[in-house]
Each structure stands twice: as structure tokens, then as C-alpha cells.
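Because the structure is a prediction, the values reported are computed rather than measured. In what follows, residues are counted from 1 in the order of the sequence shown.
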Amino acid sequence: MAGNWLGLLSMAGFYIVVLGTGIWASRKSKREEKKCTGNRSEIAMVGGRNLQIWVSIFTMTATWVGGGYILGNAEVVYNPTKGLVWATGPIAFTLNMIIGGLFLVKPIRSKSYVTLMDPFQEKYGNTVAAILFLPGLLADIFWIACILGALGGTISVVMDISSSLAMSISAAVAIIYTLMGGLYSVAYTDVIQLSFMFFGLWLCVPFILTSPPAANFTLAAVTHLYQEPWIGKLELENAGRWTDDILLVSIGGICYQAFYQRVLSTATDTQAKMTCYVAAVLCPILGIPSLIIGAVAASTNWNQTTYGTPSPYEGGKAGMILPIALHNLCPSYISVIGVGALAASVMSSIDSALLSAASQVGRNFFKNIIYKQASEKQILIVVKVSIFLCGSIGAALAMTSSSIHLFWIISADVLYSMMAPQVICTFFFKEWVNEFGACSGFVVAILLRVLVGETLLGLPDVLPLPWDKIQEDGHRYRLFPFRTAIMLLNIGINFLVSRVTVWLSQKRLLKRTCDTEVDTTLQIMAPDLVKDDWPCKEQRLISQESNEEQEKY
């Protein structure tokens with residue numbers, strides 16, 4: 001119990017520091033608001049586009065290096081059926097940041113957008129953009145549930161308190177400081193949280209390495225001691241699935257508003273790219289402690305610890321191996337520091353998801369669709385209400401299920417299949433796609449993903465795929481990279497249907513209707529927006545060509 005009280009006191013101290021930083025940052029936000037000549041909502045959403053580069057680097061890194069990343073790395077290395085070779089997170093996160101810096105910084109900053117949905121509304125109009133907006137909003141909410149679930153399980157393991165209580169307190173603290181200061185509070189608390197996480201986890205590593213129950217983990221990498229070698233192995237038949245996992249994160253990450261919020265918060269394109277490239281280096285470095293802890297856990301004789309038998313893997317607790325290792329292989333005063341580091345990593349992702357979802361609700365849904373005459377004050381009120389609602393819904397979902405992987409499936413997997421193709425087409429093939437193609441690809445992607453199935457969601461695996469393996473329970477083990485296949489098919493259908501509808505319009509066989517009313521907000525935020533960038537550009541070109549032909553005659 002003494003250890004529990006020590007842990008509770010340390011967690012309370014950590015939350016007080018984070019909340020104090022958020023309050024200080026909210027005051028800074030108000031000072032910047034007085035100096036800024038732009039819209040007040042920009043201060044909350046993108047920090048007035050004047051965030052210092054070192055703060056931008058910290059908040060970008062902290063957003064990606066969350067609880068799921070830290071716990072997931074340790075789990076995969078510890079899992080005897082996976083191993084280090086399957087810990088794709090560090091590689092995928094690095095690729096995601098590099099792809100973002102090379103290809104996405106310039107397009108999203110070219111017209112001073114505020115959210116990822118701005119270019120969708122500019123291209124397709126409000127109706128289609130509202131449909132495409134829903135997966136992103138749901139992904140943020142389920143991501144909040146995922147990381148809150150990870151935190152609740154972690155704290156309950158080490159401190160023997162209710163996971164629901166831990167999730168509620170953490171969600172409340174994150175909601176409060178995000179409400180108060182917007183991006184400034186999120187960014188500056190990320191600096192504190194990332195520092196806690198880095199030093200806290202590295203402090204635990206020497207104690208875990210020298211713990212008596214832990215064998216030589218370098219020997220266990222290639223030798224069967226207490227379980228299969230933690231280095232793992234990648235069979236040729238699993239190459240497609242491994243590649244799918246890499247691409248899921250590295251390309252699927254371009255669909256998150258949280259990424260664009262940080263890219264847009266810097267003053268110049270060069271600073272935005274530098275933020276991405278430095279984060280690409282920091283993400284794998286910050287993953288090293290959890291990889292080491294997972295490897296040591298795979299090298300440990302759990303009979304010699306207070307945990308006893310069965311081992312965490314045999315008991316179905318592989319997902320919580322990091323806090324279990326901290327609790328059983330470290331002194332109590334060190335383990336609580338490690339749990340504080342985990343709490344820091346979790347909260348650094350929660351606040352980002354809260355602000356991400358709320359920004360799009362306030363700007364792209366309320367301002368651009370529901371009430372176009374909304375004032376800046378009204379937009380900010382909607383943003384704050386959305387922060388509270390999204391946080392509350394995410395916390396409630398986290399309490400309904402113990403499956404962290406369930407929420408991860410919805411937030412990451414679905415976005416990769418459905419949203420990544422839309423982002424790619426809107427940014428890089430704008431002249432080749434239209435609203436018909438976007439909706440067609442979107443619907444087909446949903447249909448195929450449902451047919452492929454997902455056991456955790458209760459979806460039957462109806463659609464057979466190449467290289468399927470039928471397991472003992474009758475379910476299909478997918479070796480084919482179906483997520484990437486659906487993503488590419490989504491792009492292909494978008495192109496095909498778009499070209500077909502243009503041809504039908506030229507032949508007068510299809511009458512296209514388009515939203516010809518330009519969003520005044522987008523005009524303000526993007527002064528270089530010209531008429532040719534409105535939706536249904538192909539229809540106007542067809543009309544111009546027809547008029548020119550009539551003038552000839």
C-alpha cells in the first residue's frame with residue numbers, strides 16, 4: 001500500500017505540473033491573440049501560425065509517440081509469435097514524417113488552410129466534404145478511447161486502483177488545459193510530457209536490465225530460454241502482411257488532422273519541413289526504451305518474480321507487458337516514475353486528438369455548413385464544446401471495452417483504406433478527380449473492408465483472398481496485404497469514375513450539379529483561391545468549349 005500511495009502522489013504531482021503548464025500556455029495564447037491580426041480561431045487551431053520551431057518539434061513528436069506506440073513496441077517484442085522484426089512502429093513513424101515533410105507540407109500550406117478538410121470543401125463542396133469528414137472525426141474519438149484504455153490498464157497494474165478512475169482523471173486534465181489554451185496549451189504541455197517520458201523510461205532501463213530474474217537478453221535474442229527468441233523471424237509468406245503493417249502507419253498517418261495542425265502552426269515552409277524531419281529522427285529514438293523492456297521481459301523467468309505463473313503471455317496480458325515489467329522488475333519508487341512516463345505519453349496524444357476533432361467540427365462543419373455567418377466567438381464556443389464532448393465520449397468508450405486493439409483498428413485501419421486515397425487524390429491529382437469519383441471510391445472501400453471482416457468487431461470474413469490460411473476456429477488468417485489493396489483500388493475507382501462522368505458530361509448524357517457558392521471563410525483564409533479551383537471545374541470547361549464552338553459557327 002505504501003508503494004501505491006507513493007505512486008498516487010507522484011501521479012498527482014505530474015498532473016499538477018501538466019495542468020499548470022497548460023494554464024500558463026493559455027495566458028500566452030491570450031497575449032498572442034491581442035498581437036495577431038488574423039482570426040481568433042486561428043490562435044486556438046494553429047497557434048496564429050507563429051509557433052516556435054523547437055516547440056513545434058516537441059509537439060509533433062509527442063503526438064506520434066503516444067501510449068499505443070510505447071506499449072505496442074514492448075508488446076510486439078515480448079510476444080513469442082512476433083518479435084523485434086514485427087515492431088514496425090519506429091520504421092513506419094519515421095517514413096510517415098519523411099513523407100509528410102517531402103510531399104505534404106507545401107500543398108497544405110500553399111493556400112493558408114486551417115484544417116485538412118479545407119481543401120476537400122474547396123474541391124468537392126460542403127456536402128461531399130461532410131461525408132469524408134466523418135471517418136476522420138470518428139478516428140479521433142476512437143483514438144482517444146484507445147490511448148485512455150492503455151493508460152487505465154497501465155495504472156491499474158502498477159497502482160492497484162480502478163482503471164475507470166485513472167481514465168476519468170486523465171481525460172479531465174487533458175480536456176481542461178486544451179479548453180483553456182488551444183494549440184498553445186497542447187504544444188507547451190507536450191514539451192513537459194515528452195521530457196517526462198524520455199527521462200522516465202530511460203531511468204527504468206538500467207534497473208530492468210540488472211534485475212535478477214532477467215537473463216542475458218542478448219543471448220535470449222537468438223536462443224530459446226524461457227520462450228522463443230525475441231528477435232523474431234519473418235517468413236516469406238508473411239512479407240505481404242509485414243509490408244501492409246508498415247504502409248498502414250507510414251501512409252495512413254497523412255490522414256490525421258493533428259499532423260497538419262502542427263505543420264500549419266509554423267511561420268515558414270522550411271520550419272514545417274524541419275519539424276517533420278527532426279521528428280522522424282526522434283520517434284525511433286524514443287521507442288528504444290520500450291523495445292529494450294520488451295526484450296528483457298521475453299528473457300525473464302517469471303516464476304522468480306512476484307508475478308508468478310502463468311507468464312503474462314500465457315495469461316493473456318501481453319498488451320500490458322511494459323507496466324508489468326516495471327512493477328515486477330524495478331524497485332517500487334522507480335516503477336512509479338515509469339508509470340508517470342507512460343501517463344505523459346498517453347496525455348500528449350489525447351490533447352492532440354481532442355483539438356484535432358474539435359477544430360474540424362468548429363470550422364468545417366459548424367462554420368462552413370451549419371451557420372456560415374458564425375462569428376469568431378461562436379466558432380470558439382463550438383470548438384470548446386466539441387473538445388468536452390469528444391473527450392467525454394472517448395472516455396466513455398474506453399470504459400466499455402478492454403480491447404485497445406479494437407479502437408486502434410477503427411482509428412488507423414479504416415482511415416488508411418478510406419481517407420488516405422482521398423488525401424492523395426485531392427492534393428496531387430486534383431484535376432483528374434471529381435465528387436463522383438471520390439464518393440464511389442469511398443463507398444467501395446467501406447464495402448470491401450466490411451467483406452474482408454474483422455474478428456474484434458464481429459465482422460465475418462466473407463471475402464476470400466489469395467494466400468488465406470484457415471485457422472482452427474474457422475477464421476481466415478490474412479497473408480495478402482488487403483489494406484493496401486483496398487487503398488489502391490479506392491484511388492483507381494476515383495480516377496475511373498471521375499473520367500467516365502466527365503466523358504458523359506461532354507456527351508450531354510450526364511448533368512452535373514455543383515455547389516457554386518464559394519465558402520467565404522475559405523476565401524478569407526486562402527486569398528489566392530481563384531474560380532478555377534471551385535468544384536465542378538470540368539463542367540465549366542465543357543461549357544466554355546461549347547460556347548467557343550458556337551461562336552465559330
Side-chain angles (χ1 to χ4, degrees), residues 39 41-42 44-46 49 63 100 104-143 182-183 252-265 352-372 374 379-380 382-383 386-387 389-390 411 414-416 418-430 433-435 437-439 441-442 445 490 494 514-515 517-526 529 533-536:
N39 297 328
S41 58
E42 279 195 41
M45 296 179 189
V46 291
R49 306 182 193 275
T63 299
L104 296 168
V105 166
K106 189 172 181 180
I108 196 67
R109 292 178 59 90
S110 62
K111 294 184 178 179
S112 299
Y113 294 121
V114 179
T115 73
L116 174 60
M117 296 313 298
D118 282 352
F120 285 88
Q121 288 184 318
E122 176 189 323
K123 171 65 181 174
Y124 302 121
N126 289 333
T127 303
V128 175
I131 296 173
L132 300 178
F133 161 70
L134 291 177
L137 174 63
L138 291 175
D140 280 330
I141 293 175
F142 280 102
W143 182 240
L183 185 64
I254 67 175
C255 303
Y256 284 99
Q257 161 66 10
F259 171 81
Y260 297 97
Q261 214 149 22
R262 279 135 189 83
V263 165
L264 291 168
S265 67
S352 300
L354 287 172
L355 188 60
S356 168
S359 297
Q360 293 183 95
V361 170
R363 174 178 170 80
N364 299 105
F365 188 71
F366 177 71
K367 167 63 178 176
N368 293 353
I369 298 177
I370 300 298
Y371 186 42
K372 295 186 178 181
I379 295 173
L380 288 174
V382 172
V383 168
S386 301
I387 288 172
L389 290 177
C390 291
S411 63
V414 174
L415 271 187
Y416 178 52
M418 299 173 195
M419 280 298 294
Q422 306 297 337
V423 172
I424 293 170
C425 291
T426 302
F427 279 141
F428 304 109
F429 304 102
K430 188 175 182 179
V433 296
N434 57 34
E435 64 273 21
C439 290
F442 186 75
N490 190 338
N494 197 338
C514 60
D515 183 8
E517 180 182 357
V518 180
D519 187 350
T520 55
T521 304
L522 284 177
Q523 284 185 315
I524 294 172
M525 301 307 297
L529 179 63
D533 286 324
W534 297 356
C536 302

For the residue pair Phe365 and Phe133, does the interplanar ring angle fall in the parallel (under 30°), tilted (30 to 60°) or perpendicular (over 60°) class?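 Geometry flag for Phe133 against Phe365: parallel rings.
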
Distance from [X] atom [atom1] to [Y] atom [atom2], nearest 0.5 Å?
{"X": "Ser386", "Y": "Asp140", "atom1": "OG", "atom2": "CG", "result": "11.5 Å"}
{"X": "Arg262", "Y": "Ser356", "atom1": "CZ", "atom2": "OG", "result": "8.0 Å"}
{"X": "Asn490", "Y": "Cys425", "atom1": "CG", "atom2": "SG", "result": "7.5 Å"}
{"X": "Ile131", "Y": "Thr127", "atom1": "CD1", "atom2": "OG1", "result": "7.0 Å"}
{"X": "Glu42", "Y": "Ser265", "atom1": "CD", "atom2": "OG", "result": "11.5 Å"}
{"X": "Ser41", "Y": "Leu380", "atom1": "OG", "atom2": "CG", "result": "6.0 Å"}

Heavy-atom side-chain proximity of [X] to [Y] below 4.5 angstrom:
{"X": "Phe120", "Y": "Asn364", "answer": "no"}
{"X": "Cys255", "Y": "Tyr416", "answer": "no"}
{"X": "Val423", "Y": "Tyr260", "answer": "yes"}
{"X": "Thr63", "Y": "Phe259", "answer": "no"}
{"X": "Thr115", "Y": "Gln261", "answer": "no"}
{"X": "Pro107", "Y": "Phe428", "answer": "yes"}
{"X": "Thr426", "Y": "Glu122", "answer": "no"}
{"X": "Val361", "Y": "Val383", "answer": "no"}

Evaluate side chain to side chain contact (heavy atoms under 4.5 Å, CB included) for Leu415 paired with Phe142, printing each intermediate quantity in order. CA-CA 12 Å; Leu415 271 187; Phe142 280 102; over 6 Å; no

Please find the pair of heavy atoms, one from [X] and one from [Y], that lie closest to each other, and give the distance.
{"X": "Gly362", "Y": "Val382", "answer": "CA-CG1, 3.9 Å"}
{"X": "Leu355", "Y": "Gly182", "answer": "CD2-C, 3.8 Å"}
{"X": "Ser112", "Y": "Arg49", "answer": "O-NH2, 3.0 Å"}
{"X": "Leu354", "Y": "Cys390", "answer": "CD2-C, 4.0 Å"}
{"X": "Ile108", "Y": "Leu264", "answer": "O-CD2, 3.5 Å"}
{"X": "Ala129", "Y": "Gln121", "answer": "CB-CG, 3.4 Å"}

Output yes when a side-chain donor or acceptor of [X] lies under 3.5 Å from a complementary backbone atom of [Y], and no otherwise.
{"X": "Arg109", "Y": "Leu104", "result": "no"}
{"X": "Lys123", "Y": "Val433", "result": "yes"}
{"X": "Lys367", "Y": "Lys372", "result": "yes"}
{"X": "Asn126", "Y": "Asn368", "result": "yes"}
{"X": "Gln257", "Y": "Ser359", "result": "no"}

Pair Asp118 + Lys111: basic N to acidic O under 4.0 Å: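 Lys111 and Asp118: not salt-bridged.
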
In this structure, are over 12 heavy atoms from other groups packed under 6.0 Å from Phe442 atom CZ? yes

